[in-house]
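Here the structure is a predicted model, which means the values were calculated and not measured.
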Amino acid sequence: MKKSIIALDPGESTGWVFVDTHDRLTGGTAPKNHLEVVKLLEMCSPDIVVIERFNLYPGMAKSLAWNSFYPCEVIGVVKCYCMQHGIAIVEQAPSVKKYAGGLKDDWAQLKHTVRTTEHTKDAYQHLKYYLRNGGKKYI
């Protein structure tokens, strides 16, 4: 049975792309608000969550001093939600986006129907990478 998947790219806002069991694609950008991220997950009710992992690289540590690390908070909220609801979660490195296979026709349609940001585009690329490389064990 085909699974529904939401891909998330957390940042100061959270880009998202959702594909349902009928291959319908939707997406957008959730504002900087933990409850909005939870509402998004509740609305989509995904079987699988793909999320960009956050790593603090040594070269960035000094420039991020005093940062609240909101993306890390979002990742924690998403992980907690997934644990509570028995939803599979897949973390991906930011670098996998360059191996996603580029932006496809469905992205062109999507970007004209919703308010998209760079985070939405990144979430789309995480979804495409997952579907090309890791999704077979879940679908």
Side-chain angles (χ1 to χ4, degrees):
M1 182 171 161
K2 193 156 178 121
K3 307 273 185 176
S4 62
I5 305 166
I6 190 167
L8 302 167
D9 180 63
E12 285 303 303
S13 57
T14 300
W16 63 276
V17 175
F18 177 70
V19 61
D20 67 16
T21 57
H22 302 288
D23 291 326
R24 290 180 292 227
L25 188 69
T26 57
T29 304
K32 185 177 180 179
N33 181 318
H34 299 319
L35 291 176
E36 291 298 321
V37 173
V38 171
K39 286 180 190 176
L40 172 64
L41 293 169
E42 289 173 340
M43 178 186 72
C44 293
S45 189
D47 297 305
I48 301 166
V49 172
V50 176
I51 192 165
E52 183 176 281
R53 181 175 65 229
F54 181 91
N55 294 323
L56 180 59
Y57 297 101
M60 294 297 294
K62 194 168 189 169
S63 68
L64 290 171
W66 306 107
N67 190 304
S68 70
F69 293 95
Y70 178 76
C72 296
E73 294 175 6
V74 169
I75 293 167
V77 167
V78 170
K79 284 182 174 182
C80 184
Y81 182 89
C82 289
M83 286 178 193
Q84 288 177 326
H85 294 88
I87 299 170
I89 187 165
V90 177
E91 292 183 81
Q92 294 180 343
S95 60
V96 304
K97 294 178 291 201
K98 62 185 165 195
Y99 306 110
L103 300 176
K104 305 288 185 202
D105 290 341
D106 51 355
W107 168 252
Q109 294 168 1
L110 178 66
K111 77 175 187 172
H112 293 297
T113 60
V114 295
R115 179 174 97 47
T116 59
T117 63
E118 281 300 307
H119 290 294
T120 314
K121 184 170 107 178
D122 289 348
Y124 173 83
Q125 291 174 310
H126 276 290
L127 174 68
K128 290 300 178 182
Y129 179 85
Y130 172 77
L131 291 172
R132 286 180 63 204
N133 298 291
K136 292 175 183 62
K137 69 180 182 180
Y138 290 106
I139 296 176

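The two atoms that bring Ala93 and Arg53 nearest to each other are CB-NH2, 3.1 Å, heavy atoms only. A pairwise comparison of heavy atoms in Ile87 and Asp47 identifies CG2-O, 3.5 Å as the closest pair. The two atoms that bring Pro71 and Gly11 nearest to each other are CG-CA, 3.7 Å, heavy atoms only. Taking every heavy atom of both residues into account, Ser45 and Ser4 meet most closely at O-OG, 3.7 Å. Heavy-atom minimum distance, Ala123 versus Asp9: N-CB, 3.8 Å. When every heavy atom of Trp16 is checked against every heavy atom of Ala30, the shortest pair comes out as CD1-N, 3.9 Å.
Thr29 is linked by a side-chain hydrogen bond (donor to acceptor under 3.5 Å, both in side chains) to Thr117, Thr120, counting only residues two or more places apart in sequence or in another chain. For Asp20, the salt bridge (Lys or Arg N to Asp or Glu O under 4.0 Å) partners at least two apart in sequence or on another chain are Arg24.
Distance check: Glu42 CD to His85 NE2 gives 6.5 Å after rounding to the nearest 0.5 Å. One distance of note links CD of Glu12 with NE2 of His119; it measures 7.5 Å at 0.5 Å rounding. Rounding to the nearest 0.5 Å places CG of Leu41 at 11.0 Å from CD of Gln84. Note: Leu40 CG to Thr14 OG1 = 8.5 Å, rounded to the nearest 0.5 Å. With values rounded to the nearest 0.5 angstrom, Asp23 atom CG is found 9.0 Å from Ile5 atom CD1. Note that the CG atom of Leu8 and the CD1 atom of Ile89 stand 8.0 Å from one another [nearest 0.5 Å].
Residues Tyr81 and Val37 form no side-chain contact, since every pair of their non-hydrogen atoms from C-beta on lies 4.5 Å or further apart.
Comment: Lys39 engages Glu36 in a salt bridge, judged by a side-chain N to carboxylate O separation of less than 4.0 angstrom.
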Requested in this report: Run the numbers on Tyr124 and Lys128 for side chain to side chain contact (heavy atoms under 4.5 Å, CB included), then give the verdict.
Outcome: CA-CA 6 Å; Tyr124 173 83; Lys128 290 300 178 182; 3.1 Å; yes
Query raised in the report: Are Val17 and Leu25 close enough, and set up right, to give a side chain to side chain contact (heavy atoms under 4.5 Å, CB included), and what steps lead you there?
Result: CA-CA 7 Å; Val17 175; Leu25 188 69; 3.2 Å; yes
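Tyr70 places a side-chain N or O within donor-acceptor distance of the main-chain N or O of Asn33, the cut-off being under 3.5 Å.
When Gln92, Lys121, Glu91 are each tested for a side chain to side chain donor-acceptor pair (under 3.5 Å) with His126, only one passes: Gln92.
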